[in-house]
Amino acid sequence: MIKIVSAEFDPFAEAQSHQKKSALTGKYGATSLFIGTMRDFNQGDKVQGMTLEHYPGMTEKQLAMVVADAEEKWSLLDSLVIHRVGDVFTDDVLVLVVIWSVHRGDAFDASRYIMEQLKSKVPFWKKEILTDDQHRWVVKNTDGYL
């Protein structure tokens, strides 16, 4: 399941609710859960918030393609991806990726793959608000190790 939301959400409650509604009982041996949050710095500057924009329909389609690619590469039982848009602030949850699989290797690898593909291929436009109230568009995302 893929959701783009403009309101704050509780990632743990979303994962638990999705798991309870699914037919996974007794089938999964691994759940990988990744939560991305808004940090207070980027490119050497202090950041107080950000506005995320997306193109409805296109963004969901790209996300669905990324998840479908992961399902082809690894043995997955189910997945949940939720991404925030709109105004977000420090410590707000931006993205949730949950993978259920029989084994942890598939869950870890698929979760990482989805996040890296999401950051490089799925269209989200980010406008940061710096602590001096300056605004700037984020030109590119950092990789997962900076």
Side-chain angles (χ1 to χ4, degrees), residues 1-43 45-130 136-146:
M1 175 183 283
I2 294 168
K3 292 194 239 178
I4 306 292
V5 299
S6 58
E8 291 182 38
F9 65 94
D10 179 339
F12 300 105
E14 291 286 344
Q16 187 172 41
S17 174
H18 185 83
Q19 184 174 299
K20 285 182 178 176
K21 291 177 189 170
S22 70
L24 295 171
T25 302
K27 296 183 172 102
Y28 64 98
T31 304
S32 175
L33 188 144
F34 174 83
I35 300 168
T37 55
M38 172 80 195
R39 63 178 182 255
D40 69 355
F41 64 94
N42 193 32
Q43 300 176 342
D45 294 312
K46 298 288 281 176
V47 178
Q48 62 177 313
M50 177 169 57
T51 301
L52 285 106
E53 297 180 5
H54 77 300
Y55 189 81
M58 182 171 70
T59 302
E60 291 88 342
K61 182 178 178 181
Q62 290 294 318
L63 260 175
M65 291 171 57
V66 167
V67 171
D69 285 348
E71 290 170 346
E72 286 184 21
K73 293 176 184 290
W74 294 279
S75 178
L76 310 180
L77 296 171
D78 201 359
S79 63
L80 172 64
V81 178
I82 301 175
H83 204 292
R84 237 347 252 286
V85 293
D87 296 329
V88 295
F89 300 95
T90 302
D91 297 332
D92 282 356
V93 174
L94 295 174
V95 62
L96 169 68
V97 175
V98 188
I99 301 294
W100 289 270
S101 67
V102 174
H103 301 290
R104 66 183 176 277
D106 290 317
F108 281 134
D109 293 347
S111 178
R112 176 66 188 250
Y113 176 82
I114 289 170
M115 270 312 304
E116 295 304 325
Q117 294 299 304
L118 185 157
K119 295 288 279 186
S120 63
K121 292 187 174 176
V122 179
F124 287 102
W125 294 272
K126 302 171 184 174
K127 191 172 195 178
E128 292 177 329
I129 307 164
L130 306 179
R136 70 178 176 199
W137 288 100
V138 175
V139 177
K140 69 176 192 170
N141 288 308
T142 58
D143 75 23
Y145 292 101
L146 291 178

Check whether more than 12 heavy atoms from other residues, nucleotides or ligands sit under 6.0 Å from atom CZ of F108, and answer yes or no. no

Counting only heavy atoms not in M65 (residues, nucleotides, ligands), do more than 12 fall under 6.0 Å from its CE? no

Inter-residue atom distance [X].[atom1] - [Y].[atom2], 0.5 Å rounding:
{"X": "D87", "Y": "I129", "atom1": "CG", "atom2": "CD1", "result": "6.0 Å"}
{"X": "M1", "Y": "D78", "atom1": "CE", "atom2": "CG", "result": "8.5 Å"}
{"X": "E71", "Y": "L77", "atom1": "CD", "atom2": "CG", "result": "10.5 Å"}
{"X": "L63", "Y": "Q117", "atom1": "CG", "atom2": "CD", "result": "11.0 Å"}
{"X": "L96", "Y": "M115", "atom1": "CG", "atom2": "CE", "result": "10.0 Å"}
{"X": "R84", "Y": "L52", "atom1": "CZ", "atom2": "CG", "result": "8.5 Å"}

Which pairs, with at least one residue in residues 47-93 and sequence neighbours excluded, count as a ring pair (Phe, Tyr, Trp, His ring centres under 6.0 Å)? W74-Y113, H83-F124

Would E128 and N42 count as a side-chain hydrogen bond (donor to acceptor under 3.5 Å, both in side chains) here? Give the steps. CA-CA 9 Å; E128 292 177 329; N42 193 32; 2.7 Å; yes

Of the non-hydrogen atoms in [X] and [Y], which two are nearest, and what is the gap between them?
{"X": "F34", "Y": "S111", "value": "CB-OG, 3.9 Å"}
{"X": "F12", "Y": "D10", "value": "N-OD1, 3.0 Å"}
{"X": "M50", "Y": "L94", "value": "CE-CD1, 4.0 Å"}
{"X": "S32", "Y": "A107", "value": "CB-O, 3.5 Å"}
{"X": "L76", "Y": "A110", "value": "CD2-CB, 3.6 Å"}

Derivation and outcome, side-chain contact (heavy atoms from CB on, under 4.5 Å), residues L33 and V98: CA-CA 4 Å; L33 188 144; V98 188; 4.1 Å; yes

Do side-chain atoms of [X] reach the backbone of [Y] as a donor and acceptor pair under 3.5 angstrom?
{"X": "E60", "Y": "G57", "value": "yes"}
{"X": "S22", "Y": "Q19", "value": "yes"}
{"X": "S120", "Y": "E116", "value": "yes"}
{"X": "T59", "Y": "P123", "value": "yes"}

side-chain contact (heavy atoms from CB on, under 4.5 Å) between D40 and K46: does it pass, once the steps are laid out? CA-CA 6 Å; D40 69 355; K46 298 288 281 176; 3.2 Å; yes

Working note: R136 + Q43, criterion side-chain contact (heavy atoms from CB on, under 4.5 Å); need CA distance, chi angles, decisive distance, verdict. CA-CA 11 Å; R136 70 178 176 199; Q43 300 176 342; 3.7 Å; yes

Taken in chain and number order and not counting sequence neighbours, the residues that satisfy ring pair (Phe, Tyr, Trp, His ring centres under 6.0 Å) with H18 are W100

Can you find a pair of side-chain heavy atoms, one from V47 and one from M38, that are under 4.5 Å apart? yes

Given T31 and L24, is the side-chain contact (heavy atoms from CB on, under 4.5 Å) satisfied, shown in steps? CA-CA 11 Å; T31 304; L24 295 171; over 6 Å; no

